[in-house]
Amino acid sequence: MTGTVPETAGQEQVPQFPGVRAARCPFDPPPELRALQESGPLTKVRLWDGSTPWFVTRHAEQKALLSHPKVSADVTRPGYPIHTPAAGGGSLSFILMDDPEHARLRRMVQGAFTVRRVEGMRPAVQRIVDDLIDQLLAGPKPVDLVEAFALPVPSLVICELLGVPYADHGFFQDNSKTIIKRSVTPEDRAVAFGKLYEYLDGLVGEKLADPADDLLSKVAAHVRDGELTRQAAAQMGVLLLIAGHETTANMIALGTLALLQNPAQLALLRDSDDPKLVAGAVEELLRYLNITHSGRRRVALEDIEIAGQVIRAGEGIIMPNDIGNRDPGVFPDPDRLDVRRDARRHVAFGFGVHQCLGQPLARIELQVVYGTLYRRIPTLAAAVPIEEIPFKHDGQVYGVYELPVTW
Ligand code: HEM
């Protein structure tokens, strides 16, 4: 059988793109996703625009396709499965490009994200986390953990790394929130992107005139040397700034909520001073929560045979890594949060050439946060019932808008 939908098949036979995570357990992928996974590794789904890309639900096929040389991440190619009508307004640099240009641009910044380099940032991250916890403890309660802690930690870290003034955090957090909203209009997304782009372009200009010891100055140096246009430099800055704080912030807040809902797991983490257990808990929470839940998106450049199907050249492919991370063939009892399991094979950072550039940094931030917050505030608790917590069902990155906590 080929992979295309049979000509005779009624359009209604292709299910809609699965909806939001269930209220029953807001940490689990939508139940329809589990059903699709059980029915086979590949199927087709219908998107908002009527297109019917492939939908790949199992871990092995997701990894095979994410590392396939004939699969493209270029959002401008016909057949690419677009997230929302608003997508495409403003380029997000190399995350949406193919090699060799993707590799050329990625190489310009990857030196800042090696394990060794970011390990050197651990003491600074620890200081940031400790200071924010001091402020939390000295302030009123209940308090919104997102605003007071989850967003400031990665924002302060990425500002320091890039050389972006933290005083501007309200501006860039608001605009990046708009850009990654699924429900945003094309006009609003374009405005938000334009503002962030202009801001980063201005900063690149400043770094060209007056270089400092930061990543944006290194990017600016490539402009000066004629290896990068000023526009591409600003776009890269937008990508790094958004990716650098949005994702980690959501992992901090959602991870804390998941642990508060699983007190025995929280106790294991809080009562252990074994850095290996903390590091393992980070991997397990990345697997379990998979905040980049709307899936890796690609388009086939040639016919690809996989799992008894043929993905035709030009057909879109979506790989929802949240269900890939719940593949029972790879992670036994996958819906159970177990901070002691070996979760290292998860695909929460993607796979293949686009695998998350910032993952060593994200790991350190999360290890410091999960290893510190619950030990320093052992009575930390949600201040409202879980039903009252607003989840980001309309975001390209999953999380909570607010998490009122007390202690
Ligand atoms: C827990 C936090 C994070 C998660 C879950 C996460 C997740 C991901 C995922 C799934 C991808 C792959 C995209 C694709 O294949 O289409 C990705 C790519 C990327 N991430 Fe992260 N990320 C996190 C933190 C960070 C941080 C702190 C940075 C720092 C700047 C960062 C920068 C990037 C960049 C630049 C890419 C594009 C890589 C490429 O296309 O070659 N991420 N991330």
Side-chain angles (χ1 to χ4, degrees), residues 56 62-63 65-68 71-75 80-81 83 87 91-114 117-118 121 125 150-151 153-162 164 176 180 214-216 219 235-255 282-299 317-322 324-325 346-370 395-399:
V56 185
Q62 288 189 355
K63 283 176 85 168
L65 286 166
L66 283 169
S67 52
H68 198 292
V71 162
S72 165
D74 182 351
V75 69
Y80 183 98
H83 280 96
S91 163
L92 267 179
S93 189
F94 57 86
I95 196 168
L96 299 175
M97 291 177 186
D98 292 336
D99 287 351
E101 187 60 0
H102 157 265
R104 191 181 79 86
L105 298 184
R106 180 171 164 134
R107 261 198 307 273
M108 290 181 184
V109 283
Q110 72 188 10
F113 295 97
T114 60
R117 282 295 283 278
V118 299
M121 294 172 68
V125 175
L151 261 173
V153 171
S155 294
L156 279 159
V157 172
I158 198 69
C159 280
E160 179 69 27
L161 183 73
L162 279 177
V164 168
S176 50
I180 62 167
D214 56 45
L215 188 52
L216 220 45
V219 171
Q235 287 170 348
M236 203 187 274
V238 174
L239 169 63
L240 294 171
L241 189 57
I242 296 181
H245 76 275
E246 271 293 344
T247 44
T248 314
N250 283 303
M251 271 306 297
I252 293 173
L254 198 64
V282 168
E283 301 311 314
E284 171 64 349
L285 283 154
L286 283 161
R287 178 197 75 83
Y288 181 72
L289 298 172
N290 208 117
I291 53 159
T292 56
H293 66 321
S294 48
R296 318 277 40 85
R297 307 214 168 194
R298 302 289 191 265
V299 56
I317 311 168
I318 301 180
M319 284 146 290
N321 28 358
D322 54 352
N325 279 339
H346 69 73
V347 281
F349 287 125
F351 195 70
V353 293
H354 288 278
Q355 196 174 33
C356 181
L357 173 74
Q359 58 183 292
L361 179 58
R363 285 196 163 102
I364 283 190
E365 293 181 65
L366 294 174
Q367 287 168 9
V368 171
V369 166
Y370 296 153
Q396 284 183 39
V397 181
Y398 190 62

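Numbering of ligands and ligand atoms starts at 1, following listing order. In this text, all values refer to a predicted model and were calculated from it rather than measured experimentally.
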### Message
When you compare the side chain of Met121 with that of Glu365, does any pair of heavy atoms fall below 4.5 Å?
### Response
no
### Query
To the nearest 0.5 Å, how far apart are CD1 in Ile291 and NE2 in His293?
9.5 Å
### Message
As an exercise, identify every atom of ligand 1 less than 4.0 angstrom from a heavy atom of Met251.
### Response
1 (C)
## Note on the structure
of all protein heavy atoms, closest to atom 4 (C) of ligand 1 is Phe349 CE2, 3.6 Å
### Summary
Taking every heavy atom of Gly237 against every heavy atom of Leu162, the minimum-distance pair comes out as O-CD1, 4.5 Å
### Query
For atom 42 (N) of ligand 1, which candidate among Cys356, Gly255, Pro360 holds the nearest heavy atom?
Cys356
### Query
Would Ala348 count as a contact of ligand 1 if the rule is a heavy atom under 4.0 Å away?
yes
#### Entry: Inter-residue atom distance Asn325.CG - Glu284.CD, 0.5 Å rounding
9.5 Å
### Message
Measuring from non-hydrogen atoms of Val353 to any atom of ligand 1, is the shortest distance under 4.0 Å?
### Response
yes
### Message
Among all the protein's non-hydrogen atoms, which is closest to atom 24 (C) of ligand 1, and how far away is it?
### Response
Thr247 OG1, 3.2 Å
### Summary
What one should report as the nearest heavy-atom pair of Tyr370 and Met251 is OH-O, 2.8 Å
#### Entry: Minimal non-hydrogen separation, Val153 against Ile252, with atom names
CB-CD1, 4.1 Å
### Task
Compare every heavy atom of Tyr80 with every heavy atom of Leu96, then report the nearest pair and how far apart it is.
CD2-OH, 3.9 Å
### Summary
If you compare Ala112, Ala362, Ala243 by their heavy atoms, the one closest to atom 32 (C) of ligand 1 turns out to be Ala243
### Message
Counting only heavy atoms from other residues, nucleotides and ligands, does the tally under 6.0 Å from CD of Gln359 exceed 12?
### Response
yes
### Sub-4.0 Å atoms of ligand 1 with respect to non-hydrogen atoms of Gly350
10 (C)
### Query
Within the structure, does Glu365 bring an N/O atom to less than 3.5 angstrom of an N/O atom in ligand 1?
no
### Message
I'd like to check whether Arg298 has a polar contact with ligand 1, where a contact means an N/O of the residue lying under 3.5 Å from an N/O of the ligand.
### Response
yes
### Query
Can you name the closest pair of heavy atoms from Gly295 and Asn321 and give their distance?
CA-OD1, 4.0 Å
### Message
Starting from atom 28 (C) of ligand 1, what is the nearest protein heavy atom, named by residue and atom, and what distance separates them?
### Response
Gly358 CA, 3.5 Å
### Task
Looking only at protein heavy atoms, identify the closest one to atom 40 (O) of ligand 1 and say how far it is in Å.
His354 ND1, 2.6 Å
### Query
Of the choices Arg296, Met236, His346, which has the non-hydrogen atom that lies closest to atom 13 (C) of ligand 1?
Arg296
### Task
Among all protein heavy atoms, pick the one closest to atom 34 (C) of ligand 1 and tell me residue, atom and distance.
Leu357 CB, 3.9 Å
### Query
Does His245 come within less than 4.0 angstrom of ligand 1, counting non-hydrogen atoms of the residue?
no
### Query
Which atoms from ligand 1 have a heavy atom of Phe113 less than 4.0 Å away?
29 (C), 30 (C)
### Message
Testing the 3.5 Å rule here: is there a donor-acceptor pair between the side chains of Asp99 and His102?
### Response
yes
### Task
Search all heavy atoms of Ser294 against all heavy atoms of Ile318 and return the closest pair with its distance.
O-CG2, 4.0 Å
### Query
Relative to the heavy atoms of Thr292, which atoms of ligand 1 are at a distance of less than 4.0 Å?
7 (C), 10 (C)
### Message
I'd like to check Leu215 versus Phe113 (side-chain heavy atoms, cut-off strictly below 4.5 Å). Are they in contact?
### Response
yes
### Query
Taking only heavy atoms of Arg106, which atoms of ligand 1 are found under 4.0 Å from at least one of them?
38 (C), 39 (C), 41 (O)
### Message
Give the atom numbers and elements of ligand 1 that come within less than 4.0 Å of a heavy atom of His102.
### Response
39 (C), 40 (O), 41 (O)
### Task
Can you sort out which atoms of ligand 1 are near Phe94, meaning under 4.0 Å from one of its heavy atoms?
35 (C), 38 (C), 39 (C), 40 (O), 41 (O)
